[in-house]
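Taking it in order: structure first as structure tokens, then the write-up.
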Amino acid sequence: MSILDGLNESQLEAVRTVEGPLLILAGAGSGKTRVLTRRIAFLAAEQNVLVDRILAMTFTNKAAGEMRERVEDLLERSCRGMWIGTFHSLCARILRSEAESVGLQQNFSIYDTTDQMALLRRVVRDQEMSEKQYPPRQIRARISREKNRMVDVAMFSQRASTYYEQEIARVYRQYQDALRQNNAVDFDDLLVTTVRLFQNHPEVLEKYQNQFDYLLIDEYQDTNRPQYLFAQYLAEKHKNICVVGDDDQSIYAWRGADLRNILDFEQDYPSTKVIRLEQNYRSTQIILEASNAVIRHNLGRKGKELWTERVSGDPIRLKRCQDEREEARWVSGAMQDLKQSGKYRYQNMGVLYRTNAQSRALEDGMRRAGIPYDIVGDVRFYERKEVKDILAYLKLVANPRDSVSFSRIINTPRRGIGDTSVSRLDDFAMREGLSPYAALAHLEAVETIPARAKKMMATFYEMVEAFRAEMGQLRADQLAEKIVSETGYLEEVNKLAPGEAESRRNHIQELLTDMEVFVEQSEDVSLEAYLRNVSLVTDVDQWAADADRVTLMTLHSAKGLEFPLVFICGLEDGLFPIIRPGEDGVAEEEAMEEERRLFYVGITRAQDRLFLSYAALRRRYGGTSSSSVSRFVGEIPEDLIDSEFRISEITPSRERKKTKPRPVLLPSGDAFPMERGTWVYHPAWGRGQIQNRSGTGQNTKLQIRFEGGETKTVVVKFANLQSG
């Protein structure tokens with residue numbers, strides 16, 4: 001097959017445009033992965049670019065793996081020398097090579113959420129602070145938010161104006177110190193530390209700028225500040241940066257994603273070529289008309305219209321339910337009918353909702369109906385106790401300074417080492433400037449630990465040292481099997497109730513199998529390589545689409561997936577959209593636009609049919625509240641909804657849409673003849689100057705820089721602009 005076979009005109013242009021900055025605005029289901037992979041293959045096969053001169057970045061291991069496989073199929077050869085991966089995995093790879101420059105050892109640990117929480121609880125306790133007043137979970141979220149803004153400890157401390165902020169700054173500082181003592185980084189540090197490395201070590205930056213001639217970035221609308229800077233630094237020399245994204249699918253502001261990165265790309269790279277991919281290969285025309293109608297209400301967007309050759313399709317079904325239990329019964333009943341029709345299987349069905357709490361009633365309805373289901377975002381496999389325990393052994397073997405892993409397994413399985421003895425060991429280690437594990441080599445100097453506990457600690461130390469001695473000789477899976485066998489962990493599991501014991505044994509065997517598969521498929525079969533990989537696994541990476549089960553997930557988790565049949569539940573104002581005015585400094589209008597983008601993402605997951613539901617009454621937060629249908633439902637044209645399911649409750653939303661003010665147009669032969677430099681006035685953002693313009697008439701798109709400092713892109717027919 002030719003690399004260019006099967007591409008439409010826009011896709012072909014995107015693949016062939018290889019020099020200079022390129023912005024590909026790829027609508028949902030428009031074949032962006034096809035374009036990315038063909039572009040990489042075109043560079044290698046037609047432009048004779050060495051694969052190790054190409055850096056391709058995305059957001060999930062699943063997407064990165066699929067990208068690599070497709071490129072190898074196109075080139076009919078291995079691409080192991082090419083850097084394809086997630087931002088976090090690529091940054092981890094760079095930090096392994098440059099660890100000394102950032103004060104780390106190459107065997108550093110990557111802490112997941114559970115590890116972070118354990119370390120933060122210890123810090124809060126050591127600072128003699130109350131967990132009720134300073135919940136570690138909230139502190140973790142705050143620290144993560146600051147890191148995503150490139151705000152370090154010193155900057156945060158300087159800005160802390162209240163006593164509470166000053167206390168958070170104190171925890172932030174102690175937390176970072178503890179990470180370094182443990183030779184560890186958290187997920188956010190992978191990005192931030194790499195950016196700081198580039199900023200503080202120009203020779204390292206130059207090394208990687210010279211290594212990569214071409215940068216490709218998927219899902220660019222989801223990048224945060226560190227990711228934006230990482231890409232900008234690497235692209236600074238050659239300017240051959242291609243970003244693919246959809247401003248209409250930017251839904252992660254809550255974790256630091258900055259929509260301005262994609263909206264302002266042309267300002268960052270003035271010679272940018274923009275290509276729009278608007279042909280959708282996924283959904284019916286009815287589904288696309290609904291999604292287009294909804295997203296047009298947003299002002300902060302570049303603008304595009306999805307279309308498809310699938311002109312037929314079933315109308316959208318909208319159901320008003322009395323409460324969440326009736327909603328669950330309706331969803332389950334519809335699924336059973338669809339399954340019995342013989343056209344669909346349960347694995348073809350996805351149920352999406354705004355918050356995790358909504359899954360309880362839906363699960364109950366599925367269980368009662370006997371419908372098998374999986375929940376994406378449920379207890380992650382790698383966070384199950386038995387899996388975390390075995391991984392903690394592996395992490396300690398790889399990084400003896402990892403005190404979080406040490407604390408988890410020093411008495412797991414139980415070996416007669418009490419909390420008091422561990423605490424006394426920690427005190428000794430702190431006084432001597434040692435890690436707790438290193439302190440085990442000096443037990444004779446710790447007089448406060450009883451002789452029996454010392455003996456068990458010494459035995460534990462000898463066992464781990466023996467594992468460490470074999471780390472270089474054994475593959476990761478072989479070492480794990482040895483640990484499971486020689487620690488006595490299975491004997492402890494077998495003491496549990498039969499059902500629980502069997503479940504945990506199965507999970508341990510699944511972990512060992514996972515390691516075997518990793519070893520078979522990887523160049524690097526070391527323990528460090530496996531731990532690096534497993535630290536970066538996401539919920540979606542673990543989702544298995546081949547089982548005949550309904551998939552339940554939040555709308556945020558559904559991005560990047562698709563189902564023939566999609567149910568979006570809980571479409572009630574206050575639940576979806578959720579608007580918390582002023583939260584994190586986000587304006588209500590911006591928050592509403594992000595919620596609308598989330599609904600747009602949900603709609604465009606559907607291939608064949610879309611089902612929407614809401615409840616007049618819903619039990620939340622210990623009480624029952626009445627609800628009205630989501631305003632977003634009122635933005636869907638009425639003729640797209642099955643007449644049997646139309647309801648009078650959607651009228652208020654439609655009226656809001658109909659009474660929206662029309663734009664004030666300037667008199668001219670053209671509907672809106674505004675050029676660069678013209679001053680205009682917007683009712684929400686005030687006075688601004690036009691920076692750029694595309695299109696004609698009322699579909700004209702204007703990029704406007706407002707006096708408040710913000711730059712927005714608006715469509716004239718929706719913006720209600722006046723001469724400024």
Side-chain angles (χ1 to χ4, degrees), residues 107 109 111-112 114-131 136 171 174-175 177-184 383-469 471 480 482-496 504 508:
N107 62 340
S109 297
Y111 279 2
D112 61 15
T114 305
D115 298 329
Q116 288 177 260
M117 290 298 297
L119 190 60
L120 272 170
R121 287 194 178 95
R122 185 187 303 171
V123 169
V124 169
R125 184 175 63 249
D126 290 347
Q127 297 299 308
E128 298 181 348
M129 299 165 68
S130 166
E131 284 198 21
V171 174
Q174 294 299 322
Y175 170 70
D177 289 345
L179 282 172
R180 287 308 171 99
Q181 289 167 8
N182 288 355
N183 187 35
E383 291 180 356
R384 297 182 184 277
K385 181 188 183 306
E386 57 276 16
V387 174
K388 284 287 290 183
D389 287 344
I390 302 303
L391 287 175
Y393 272 101
L394 294 169
K395 288 180 178 180
L396 184 64
V397 168
N399 175 21
R401 287 170 54 183
D402 186 345
S403 66
V404 171
S405 294
F406 173 83
S407 297
R408 186 179 187 96
I409 61 172
I410 181 64
N411 196 40
T412 304
R414 294 176 186 175
R415 48 178 62 95
I417 303 173
D419 292 343
T420 301
S421 295
V422 174
S423 178
R424 289 170 179 172
L425 180 72
D426 286 344
D427 291 342
F428 171 78
M430 188 176 297
R431 287 196 306 270
E432 299 298 321
L434 300 170
S435 70
Y437 179 78
L440 291 178
H442 306 277
L443 284 171
E444 71 283 351
V446 191
E447 299 177 355
T448 54
I449 297 178
R452 185 176 182 280
K454 277 188 183 181
K455 180 179 179 181
M456 299 310 298
M457 285 180 172
T459 301
F460 172 80
Y461 180 70
E462 291 168 4
M463 178 179 66
V464 175
E465 283 296 290
F467 294 149
R468 284 178 49 74
M471 183 171 57
K482 193 174 184 66
I483 286 173
V484 170
S485 172
E486 296 186 10
T487 56
Y489 194 87
L490 283 179
E491 286 83 345
E492 186 85 354
V493 167
N494 289 335
K495 295 176 183 176
L496 301 171
R504 295 198 180 192
I508 292 171

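When all heavy atoms are compared, the tightest approach of Y111 to Q116 is O-OE1, 3.9 Å. Contact record, D402 with L396: O-CD1, 3.8 Å, taken as the closest heavy-atom pair. Taking both residues in full, the closest heavy atoms of A439 and L425 are given as CB-CD1, 3.8 Å, listed atom of the first, atom of the second, then distance.
The structure places CD of Q174 at 8.5 Å from CG of D126, a figure rounded to the nearest 0.5 Å. Here S109 contributes atom OG and L394 contributes atom CG; the two are 11.0 Å apart, rounded to the nearest 0.5 Å. Considering CZ of R452 and CD1 of I417, their distance stands at 9.0 Å, rounded to 0.5 Å. Here the CG atom belonging to N182 is positioned 11.5 Å from the NZ atom belonging to K395, to the nearest 0.5 angstrom. Here CD of E486 is found 8.5 Å from CE of M463. Values are rounded to the nearest 0.5 Å.
Every ring-ring contact (aromatic ring centres under 6.0 Å, His included) that Y437 has, sequence neighbours left out, goes to Y461.
The aromatic rings of Y393 and F460 lie tilted to each other, with the angle between the two planes from 30° to 60°.
Between the side chains of T412 and D389, no donor N or O sits under 3.5 Å from an acceptor N or O.
Side-chain contact between S421 and M457: present, with at least one pair of heavy atoms (C-beta onward) separated by less than 4.5 Å. Contact check for V464 versus V397: side-chain heavy atoms found under the 4.5 Å cut-off.
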